[in-house]
Amino acid sequence: MDDQTAPLAAIDWDRARSDLDETGAAEIGPVLAPENCAALAAVFDDERHFRARIDMARHGFGRGVYKYFAEPLPEPVAALRQALYPPLARIAADWAARLGDAPPPPSLEALTRACRAAGQDRPTPLLLRYGPGDYNCLHRDLYGAVAFPLQAVVMLSRPEDFAGGAFAVVENRPRLQSRVTVRQPARGHAVVFATARKPRRTARGWSASTLRHGVSEVTAGQRTTLGIIFHDAA
Ligand SMILES: O=C(O)CCC(=O)C(=O)O
Ligand SMILES: [Fe+2]
């Protein structure tokens with residue numbers, strides 16, 4: 001463990017796995033110390049750290065702004081991405097076996113190499129900022145053929161900094177009505193969730209349900225999050 005990330009060793013991965021199996025989302029944490037949350041939120045206004053700035057309303061993605069980090073990623077972001085990969089890859093490997101998919105690469109480095117080979121070479125970790133009236137439409141963060149099936153969002157704001165702005169995952173289940181799971185993680189806590197699909201037990205074995213995630217309207221204050229996506233973008 002280093003001083004950049006809170007002790008991931010304390011995370012109950014069995015519980016996270018069963019929450020992910022059940023709903024496609026699991027709250028874990030803390031994963032970032034409060035001082036790192038504050039420092040990362042402050043980075044939002046410093047354009048030197050980013051490769052792209054997206055005005056969500058312009059693209060019909062919702063309302064608010066997000067920015068993709070440029071390389072090199074800030075140390076706490078790189079360290080957290082690295083630390084989250086192995087436990088998430090174990091869950092991803094079980095999901096792949098259930099769905100008959102290829103297993104995930106054994107390491108983040110191997111995933112990055114697979115991305116490069118597919119022409120996906122731009123970093124995807126991002127900061128998102130929402131003010132009053134802002135929201136994030138349901139979506140999937142897919143950026144090319146290579147995709148890791150799980151991702152994380154870390155809350156950088158304190159609960160008293162904003163109102164509204166709930167994180168939501170919607171699971172579209174074959175032949176069933178859709179299920180929504182809503183989370184409001186504390187500062188420094190994360191929600192890990194399925195990027196696009198997850199296995200769902202059926203009478204005959206397993207089938208794939210499809211997932212999207214988004215954020216409900218922020219009604220007051222300012223909400224800043226860190227998104228950690230493991231595959232790179234084309
Ligand atoms: O701001 C959030 O809670 C979710 C942001 C998001 O879409 C993501 O991290 O992929
Ligand atoms: Fe997203």
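One-based numbering, in listed order, for ligands and for the atoms of each. Along the sequence shown, residues are numbered consecutively beginning with 1. Heavy-atom basis, side chains included; hydrogens, waters and symmetry copies ignored.
Of the possible polar contacts, none joining the Arg129 side chain to the Gly64 backbone as a donor-acceptor pair under 3.5 Å is found. Under the 3.5 Å distance criterion, the side-chain polar atoms of Thr219 are matched with a main-chain donor or acceptor of Ala163. A side-chain donor-acceptor contact under 3.5 Å links Lys198 to the backbone of Asp21. Side-chain atoms of Glu171 never come within 3.5 Å of backbone atoms of Gly24 as a donor-acceptor pair (strictly under, hydrogens ignored).
A salt bridge is defined here as a Lys NZ or Arg NE, NH1 or NH2 lying under 4.0 Å from an Asp or Glu carboxylate O, and Glu47 with Lys67 meets this definition. Salt bridge present: Asp232 and Arg81 bring a charged side-chain N and a carboxylate O closer than 4.0 Å.
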Enumerate, one pair per line, all nitrogen or oxygen atoms of ligand 1 lying under 3.5 Å from a protein nitrogen or oxygen, stating the separation to 0.1 Å; write 'none' if no such pair exists.
from, atom 1, to, atom 2, distance (Å)
ligand 1, 1 (O), Tyr130, OH, 2.7
ligand 1, 1 (O), Arg223, NH1, 2.8
ligand 1, 1 (O), Thr225, OG1, 2.8
ligand 1, 3 (O), Arg223, NH1, 3.2
ligand 1, 3 (O), Arg223, NH2, 2.8
ligand 1, 7 (O), Asn136, ND2, 3.3
ligand 1, 7 (O), His139, NE2, 3.1
ligand 1, 7 (O), His213, NE2, 3.2
ligand 1, 10 (O), Asp141, OD2, 2.8
ligand 1, 10 (O), Gln151, NE2, 3.0
ligand 1, 10 (O), His213, NE2, 3.1

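Of the residues listed (Leu126, Thr124, Val43), the one engaging Phe69 in a side chain to side chain contact (heavy atoms under 4.5 Å, CB included) is Val43, and it is the only one.
Every residue meeting the ring pair (Phe, Tyr, Trp, His ring centres under 6.0 Å) condition with Phe193, not counting sequence neighbours, appears here in chain and number order: Phe167, His213.
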Donor-acceptor pairs are to be reported for all side-chain atoms of residues 53-63 against protein atoms at under 3.5 Å, with residues two or more places apart or in another chain.
from, atom 1, to, atom 2, distance (Å)
Asp55, OD1, Ala57, N, 3.2
Arg63, NE, Asp134, OD1, 2.8
Arg63, NH2, Pro132, O, 3.0

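Inside a sphere of radius 2.8 Å centred on the Fe ion (ligand 2), the protein N/O/S atoms present are His139 NE2, Asp141 OD2, His213 NE2.
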